[in-house]
> 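This is the structure, below, for whatever I ask next.
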Amino acid sequence: MRPLRACLGAAAAVTLAAAGTTALVASNASGATNALSNRWYAAAPYLMPLDNNPPDAAAIMDATGLKAFQLAFVLAPNGGGCSPTWGGTAAVSSDTAVQSVINTIRAKGGDVSVSIGGYGGTKLGQTCADAASTAAAYQQVVTKYGLHAIDFDLEEPEYENTAAIKNEIGAAKILQQNNPGLYVSVTTAGTADGTGWFGKQMLLEAKSQGFTPNNFSIMPFDGGFSGAASQTSALTNFNSILQSTFGWDQATAYAHEGFSGMNGRSDTGEYFTQADFQTVLDYATSHNMDRFTFWSLNRDRQCTPVDNNGTTSGTCSSVAQGAWDFAKYSVKFAGVTPPTTTPTPTPTPTPTPTSCKTAWSATAVYTAGNEVSYNSHNWKAKWWTQNEVPGASEWGPWQDEGAC
């Protein structure tokens, strides 16, 4: 669903975050560290520490008061296997680069959660034999970095794989049991009615395993959303799904619900401004929701030109903003007042018209990344396909790139 996030290595998805209000006894290169409050891990925005022109975490902390970061993404090795890597290429066991980022954050009184999964690459739930071996791989990450928080971002195509999701949910349950105090959140793709079929199947898998995380979050973007009203509507609908699935009342469901947004221009050309973030933040806090996060800090700065010529970038937002404007909403959710800065206007830029790609052909063979036009929209192939009409299915092989 998110070709940009495939390129980025990352918002249709499932996220499991884990942390605790008390310190876990775990050692790492910077020594044992005390946990932050649950609220900080629930507010931690995503940061890619090795890709997409990583910003200086210390500078963000100084400018905004942010204390927690969601580092992305841990995957299976590109060549296969059941050992954790950063982005499929850098083994966690021998990592020093990400550890250096973590040390910098912790030296300033902050902490991190590590995110596993994402849109691109192969996930450990797909390559490990069972839940126990999947959990053992993730435990290496927890131990290596002395984590108090871990995030499972399970997106398509993995969350369309029943066995993989069984492994991931089972691994999350094992980590929760073996690491007392672990805060666990599960985030799945957002749709107008809350979440789609695969998201609902994931919830049923969690129920069948008797696994209850701190929250289930949805990512209401890249699915025909338009501003905050459509997002809060999806959150309301998702709350009903949580009630019906787990037998919770409304308040309990909200206490186990989270939001993960995308700042600025989404992959499909939706725009979410600072005002939209404030509206969703107000909804989340007034309903006592458990999580409010966004993808990503790498994008939390203004493009040049501001609208990035009508395209979506992994390193800037495509809306008018000051640096780290969106991070300040995470700080507010954590219960802290961000440092005062001069307000930045937040007009939504007028999208630049996009030229149409070569017309789709029913007889042609397309592979991942191929682009076509159909019904005045451009489309990008997510995998090998032939004679499958773009847009015919929400879960089909084509990603809508917007009008042309």
Side-chain angles (χ1 to χ4, degrees), residues 2 4-5 8-11 13 15-19 36-73 98 101-102 104-105 108 110-118 148-153 183 185 187 190 215 217-221 231 258-266 272-274 276-278 280-281 284-285 289-302 313-317 319 321-336 338-339:
R2 296 170 178 78
L4 172 69
R5 295 194 72 200
L8 304 183
T15 300
L16 292 168
L36 301 175
S37 69
N38 279 2
R39 195 71 166 185
W40 271 117
Y41 297 112
Y46 289 86
L47 169 67
M48 297 194 79
L50 302 180
D51 299 291
N52 289 335
N53 188 21
D56 181 354
I60 297 175
M61 296 174 78
D62 289 340
T64 66
L66 186 69
K67 284 191 175 183
F69 297 78
Q70 190 79 60
L71 304 184
F73 285 99
V98 176
V101 174
I102 295 173
T104 296
I105 293 168
K108 292 179 68 66
D111 201 9
V112 303
S113 170
V114 167
S115 182
I116 64 171
H148 307 109
I150 189 167
D151 167 73
F152 291 66
D153 188 319
Y183 165 97
S185 168
T187 306
N215 74 71
S217 301
I218 57 169
M219 293 193 282
F221 59 87
Q231 294 181 310
F259 164 82
S260 181
M262 187 168 182
N263 53 313
R265 189 186 196 274
S266 76
F272 303 101
T273 67
Q274 294 93 322
D276 293 316
F277 265 53
Q278 182 63 60
V280 177
L281 175 64
T285 54
M289 285 175 55
D290 188 67
R291 189 166 182 240
F292 179 95
T293 185
F294 71 93
W295 174 266
S296 67
L297 287 168
N298 301 67
R299 308 180 68 252
D300 196 4
R301 43 200 170 185
Q302 187 167 290
S313 170
T315 61
C316 57
S317 67
V319 298
Q321 69 160 100
W324 327 128
D325 272 0
F326 291 94
K328 293 178 181 178
Y329 297 101
S330 295
V331 174
K332 290 180 181 178
F333 183 75
V336 179

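For the single chain, residues carry numbers from 1 onward in sequence order. These figures come from a predicted structure and were not determined experimentally. Keep in mind that the numbers below use all heavy atoms, side chains included, and drop hydrogens, waters and symmetry copies.
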> What's the separation between atom CD1 in I60 and atom CG in L297, rounded to the nearest 0.5 Å?
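So the gap between those two atoms works out to 4.5 Å.
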
> Do other residues, nucleotides or ligands put more than 12 heavy atoms under 6.0 Å from the NZ atom of K332?
yes

> For the side chain of Q302 and the backbone of G322, is there at least one donor-acceptor N/O pair under 3.5 Å apart?
no

> Are the aromatic ring centres of F73 and W295 under 6.0 angstrom apart?
yes

> Suppose we screen for salt bridge (Lys or Arg N to Asp or Glu O under 4.0 Å). Which residues come up paired with D300, at least two apart in sequence or across chains?
none

> Using modelled atom types and a 3.5 Å cut-off, is there a donor and acceptor pairing between side-chain atoms of R291 and backbone atoms of S260?
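No: the side chain of R291 does not pair with the backbone of S260.
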
> For a 4.5 angstrom cut-off between non-hydrogen side-chain atoms, does P49 reach F69?
no

> Would you say the side-chain atoms of N298 and N52 include a donor-acceptor pair closer than 3.5 Å?
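N52 and N298 do not have a side-chain donor-acceptor pair below 3.5 Å.
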
> Rounded at 0.5 Å granularity, tell me how far CZ in F326 sits from CZ in R299.
8.5 Å

> Ignoring hydrogens and angles, tell me if any N or O in the side chain of R265 forms a donor-acceptor pair with the backbone of S313 under 3.5 Å.
no

> What pairs with D56 under salt bridge (Lys or Arg N to Asp or Glu O under 4.0 Å), at least two apart in sequence or on another chain?
none

> Is the side chain of S330 donor-acceptor paired with the backbone N or O of A43 at a distance under 3.5 Å, no angle test?
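Pair found, side chain donor or acceptor close to backbone of A43.
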
> Nearest 0.5 angstrom please: S113 OG to Y46 OH, how far?
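One gets 8.0 Å once the value is rounded to the nearest 0.5 Å.
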
> Measuring from M289:CE to S217:OG, what's the distance to the nearest 0.5 Å?
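Result: 7.0 Å between the selected atoms.
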
> So if I apply the side chain to side chain contact (heavy atoms under 4.5 Å, CB included) rule between N263 and each of F272, Y329, F277, which one comes out positive?
F277

> Quick one: ring pair (Phe, Tyr, Trp, His ring centres under 6.0 Å) partners of F333, sequence neighbours excluded?
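F292.
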
> Please report the interatomic distance CG(D325) to CZ(R301), rounded to the nearest 0.5 Å.
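Separation between the atoms: 13.5 Å.
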
> In Å, rounded to the nearest 0.5 Å, how long is the span from OG of S115 to CG of L47?
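The OG atom of S115 sits 11.0 Å away from the CG atom of L47.
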
> Counting distance only, does the side-chain N/O of D276 pair as donor-acceptor with the main-chain N or O of T273 below 3.5 Å?
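Yes.
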
> With no hydrogens and no angle check, is any side-chain donor or acceptor of Y41 less than 3.5 Å from a backbone partner on A68?
no

> Of all the heavy-atom pairs spanning V319 and Q274, show the shortest one and how long it is.
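Result for this residue pair: CG2-OE1, 4.5 Å.
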
